[in-house]
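Both backbone and side-chain heavy atoms feed into the values below; hydrogens, waters and symmetry mates do not. Each chain gets a letter, A, B and so on, in the order the sequences are listed, and its residues count up from 1.
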There are 2 protein chains.
Amino acid sequence: MKVRIIDIAKKAEVSTGTVDRILHNRGKVSKKAEEKVKKALKELGYAPDILARNLAMKKELHIVCLLPNPEETKYWSRPVAGIQKAINELSVFKVRISKVFFSSQATSFEEACQKALALNPNGVVYVPMFREPSVTFANSLQKNNIPFIHLNIFQQELKPLSFVGQEAYSAGKVAASLCDLALNANDKILIAYISGEMQEYSHLQSRIEGFTDYFGDKGINESRIEHFYVKVSADKKNYEKSFLDFLSSAGNIKIIYVPNSRAYRIASILKKHNIKNILVIGFDTLEENLELVKEGYIRFLIAQQSKNQGYNAVILLFNALFKREKINNNYFLPIDILNKENIEFYDGIINSL
Amino acid sequence: MKVRIIDIAKKAEVSTGTVDRILHNRGKVSKKAEEKVKKALKELGYAPDILARNLAMKKELHIVCLLPNPEETKYWSRPVAGIQKAINELSVFKVRISKVFFSSQATSFEEACQKALALNPNGVVYVPMFREPSVTFANSLQKNNIPFIHLNIFQQELKPLSFVGQEAYSAGKVAASLCDLALNANDKILIAYISGEMQEYSHLQSRIEGFTDYFGDKGINESRIEHFYVKVSADKKNYEKSFLDFLSSAGNIKIIYVPNSRAYRIASILKKHNIKNILVIGFDTLEENLELVKEGYIRFLIAQQSKNQGYNAVILLFNALFKREKINNNYFLPIDILNKENIEFYDGIINSL
DNA sequence: TTGTATGCGTTATCAG
DNA sequence: CTGATAACGCATACAA
């Protein structure tokens, strides 16, 4: 029935110890023994019982997760929650999963990388938020033979084991396709850039490109697209008036596209001034955004199962490490469309298992 | 650190055997021993190591899944795939998971129920497709103390351990909210009933109610909603002409709502006749539907993570049975909105873990 | 270089 | 009623 180590040991006419040495290539095996065992392995089709393995293991695996501090950037609280879920679920196994947070400066990221390396991890999940330091980090990991998975930001050049996140360009197109439904002949579109601190988000750019490309393909070009910039940290809350001024002077704005998670900043202004004829579309399920979707001031949110993002990355790495599963590159998460009607169902069973 | 059976045995001054008897209430324990053990259990906070348990278990759990034959009704192939995924994932545990299919007659369903009971399952997942036979089945299960989970069709009166599926009424509302975006002043809506065999789908009715209620709330009532009925089995393919006739006589139809998984039947007629100005919205990710979404003849699909539906139900029951987890009632799955732009990402990581 | 023995935390059997 | 003990499949320390 089930092929055990002892079965292949018998078949190969060696002891279980020898088989084990080959399985874990600990060396100290004769060529002859090795051949016999490998033959038996193939013929009988051995697959380890990972549960028994876990029971017997002395030392534990260590997975380190490196991501922005959720107290600074709200978006990250959900991926962190997903990681926590994975921690709970994997608690029966001999794995330790640590979280290391960094803040919005590149130096903080670099420090976190050092900290992570010092922990001597068997595997790493990280968000390659800053380009240069990420390259350095990836190189260190590779040198030490530590597999790693990228979260949220796509950086294929660094050759991660896998990427878990959303395809940002397409997400922008999805947003555009929804706006398209509501757009009439002379309506204009406003893209609002509400930036926070971190500036190296390449996916922000992609979300905008996807959006404008969609309309470009339909012959709707720059003449009907306005742009409004806010740097939150500098302008504090003082952008409200300038935004309203911009809005009235631009005229005919039917749609406002906010390519990051800060749609709530725009929508709350509209709410305050009771402006209801503009369709706001944004990203991510921050509490603030959810609330305004329910109230009707944000019409659509594009979501990326941010909780599962963290969860999946950890589970994936665990499987690779513990079960020695091969994993494919690049797990693009679904591009979810949320509105007032379906939003309450978004955290269904997936997130509670 | 970790509390084991032997730890509580020592604390309670009994043997591990006695503790085991209490843990599994196999009886044959004195009151005194029981009290001492229960006290120790509480104080030390024992939680079983399910991996060690699995290793030691002699007999295996048996979960039986009862659902419509996917070869008859295409929708079911994805839940079945999800069940298969759960089977693979759980293969390391001592669980057997069997599938029993039934066809579109109530008698077939009843037979399947008999078959399922004869398998002496420890737990059952089933689709309560027919009302009366489902009541009988649920009663038998309850009498034999076999926990069960309902799939896809909501029948709370039968007191399943849980329900896994979509809230159909809200799904109808979601569909309506999308149509709403595209609906102009004098446009009309057509609801197309393309029925197959099985007639006891209460959720079909709910999907329609949700849809019409949404528009009712906005003051769009029956005067702007047309209805078209096809009984596929009777009319074979001959409804094409009658449908086209209906369409042109009704006039001004901007939206066609197909509240089941057969939107492709309508959309393929539109495709054949090159009709592009009508927005078709339907349900479920059948291959045929996906294709027509990509080609633009179906504008939206409402999906319910049908693969996860099967997967989650099995995992949930396994957790309840094996880990003795308490589970909450009613896991409503997300109401997913798919269109040409996001559909290729729909089968992301969730389905490949 | 190889084989043997012990333990991981449970379950379940078998004497008492 | 109770306690002791042999599996379960694997990892690992140790002996040869």
Colleague: By the 4.0 Å heavy-atom rule, please label A9(B) as base, sugar-phosphate, or nothing.
Modeller: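 Since no nucleic acid heavy atom lies under 4.0 Å of A9(B), the category is nothing.
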Colleague: Using whole Å, report how far CD1 of I50(A) lies from P of dA11(D).
Modeller: 11 Å
Colleague: Between C1' on dA4(D) and CZ on R21(B), what's the gap in Å once rounded to a whole number?
Modeller: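 Nearest whole value for this atom pair: 10 Å.
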Colleague: Of the nucleotides dT2(D), dC10(D), dG3(C), which has the atom closest to the A56(A) side chain?
Modeller: dC10(D)
Colleague: Quick check on side chain to side chain contact (heavy atoms under 4.5 Å, CB included): which of I315(B), L67(B), N88(B), V125(B) does I83(B) satisfy it with?
Modeller: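 Answer to the side chain to side chain contact (heavy atoms under 4.5 Å, CB included) test with I83(B) among I315(B), L67(B), N88(B), V125(B): L67(B).
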Colleague: Five pairs per end, C1' atoms only: what is the angle between the end axes of the helix from dT1(C)-dA16(D) to dG16(C)-dC1(D), to 10 degrees?
Modeller: 60°
Colleague: Rounded to the nearest angstrom, tell me the gap between atom CD in E34(A) and atom C1' in dT1(C).
Modeller: 13 Å
Colleague: So which one's nearest nucleotide on DNA chain D is more toward 5', M57(B) or H24(A)?
Modeller: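 By nearest-heavy-atom nucleotide position, the 5'-most residue is M57(B).
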Colleague: Looking at K94(A), I'd like to know if its NZ atom is crowded, meaning that more than 12 non-hydrogen atoms belonging to other residues, nucleotides or ligands lie closer than 6.0 Å.
Modeller: yes
Colleague: Can a side chain N or O of R53(B) be found less than 4.0 Å away from OP1 or OP2 on dG9(C)?
Modeller: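 No.
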Colleague: Looking at T18(A), I'd like to know whether one of its side-chain N or O atoms comes within less than 4.0 Å of OP1 or OP2 on dG3(C).
Modeller: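 It does, given that an N or O in the side chain of T18(A) lies less than 4.0 Å from OP1 or OP2 of dG3(C).
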Colleague: From CD1 of I8(B) over to P of dT11(C), roughly how many Å is that when rounded to an integer?
Modeller: 11 Å
Colleague: Considering every strand and a 4.0 Å limit on heavy-atom distances, what is the contact class for K59(A): base, sugar-phosphate, or nothing?
Modeller: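 Answer is sugar-phosphate: K59(A) comes under 4.0 Å of backbone atoms only.
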Colleague: Let's see if you can work this out: which of dT2(D), dT2(C), dA12(C) has an atom nearest to the side-chain heavy atoms of S15(B)?
Modeller: dT2(D)
Colleague: Which nucleotide, dT4(C), dG9(C), dT2(C), lies nearest any side-chain atom of R4(B)?
Modeller: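 In terms of side-chain proximity for R4(B), the closest of dT4(C), dG9(C), dT2(C) is dG9(C).
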Colleague: Just the rounded figure in Å: distance from C1' of dT4(C) to CD1 of I6(A).
Modeller: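 After rounding, the reported distance stands at 11 Å.
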Colleague: Look at the side chain of I5(B) and decide which nucleotide, out of dT2(C), dG3(D), dT10(C), has an atom nearest to it.
Modeller: dT10(C)
Colleague: Sorted by first residue and then second, give each salt bridge (charged side-chain N to carboxylate O under 4.0 Å, His left out) pair with at least one member in residues 144-165 of chain B; sequence neighbours left out.
Modeller: R131(B)-E157(B)
Colleague: Looking at H62(B), is its backbone amide N or carbonyl O close enough to the side chain of N122(B) to form a donor-acceptor pair, meaning the two atoms are under 3.5 Å apart?
Modeller: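 Pair found, side chain donor or acceptor close to backbone of H62(B).
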Colleague: Establish, from distance only, whether the side-chain atoms of N312(B) and Y331(B) form a donor-acceptor pair under 3.5 Å.
Modeller: no
Colleague: More than 12 heavy atoms of other residues, nucleotides or ligands under 6.0 Å from CD of E71(A): yes or no?
Modeller: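 No, CD of E71(A) has 12 or fewer neighbouring heavy atoms, counting only those of other groups under 6.0 Å.
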Colleague: Can you measure F322(B) atom CZ to dT11(C) atom P for me and round it to whole angstrom units?
Modeller: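 Checked: the CZ to P distance equals 9 Å.
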Colleague: What I want to find out is whether K38(A) reaches E34(A) closely enough, with some N-O distance under 4.0 Å, to be called a salt bridge.
Modeller: yes
Colleague: Side chain of V14(B) only, heavy atoms from C-beta on: which candidate in dA12(C), dG3(D), dA11(D) is closest?
Modeller: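 Of the candidates, dG3(D) comes closest.
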Colleague: Students often get this wrong, so: under 4.0 angstrom with heavy atoms, is K28(B) touching a base, only sugar-phosphate, or nothing?
Modeller: base
Colleague: May I ask you to decide whether D7(A) forms a salt bridge with R4(A), counting only side-chain N to carboxylate O separations under 4.0 Å?
Modeller: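 Here D7(A) pairs with R4(A) in a salt bridge, since their nearest N and O are under 4.0 Å apart.
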Colleague: What nucleotide among dT2(D), dG9(C), dT2(C) has an atom nearest to a side-chain atom of D49(B)?
Modeller: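 Of the candidates, dG9(C) comes closest.
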Colleague: Could you tell me the separation between the CG atom of L23(B) and the C1' atom of dA12(C), rounded to a whole number of Å?
Modeller: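 Checked: the CG to C1' distance equals 14 Å.
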Colleague: Report which part of the nucleic acid K32(B) touches: base, sugar-phosphate, or nothing (heavy-atom distance under 4.0 Å, all strands).
Modeller: nothing
Colleague: Would you mind telling me which of dT11(C), dT2(D), dT2(C) lies closest to the side-chain atoms of S30(A)?
Modeller: dT2(C)
Colleague: Given atom NZ of K36(A) and atom C1' of dT2(C), what is their separation to the nearest angstrom?
Modeller: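 It works out to 11 Å between those atoms.
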Colleague: Check the phosphate of dC1(D) against R26(B), side-chain N and O only, distance under 4.0 Å to OP1 or OP2. Yes or no?
Modeller: no
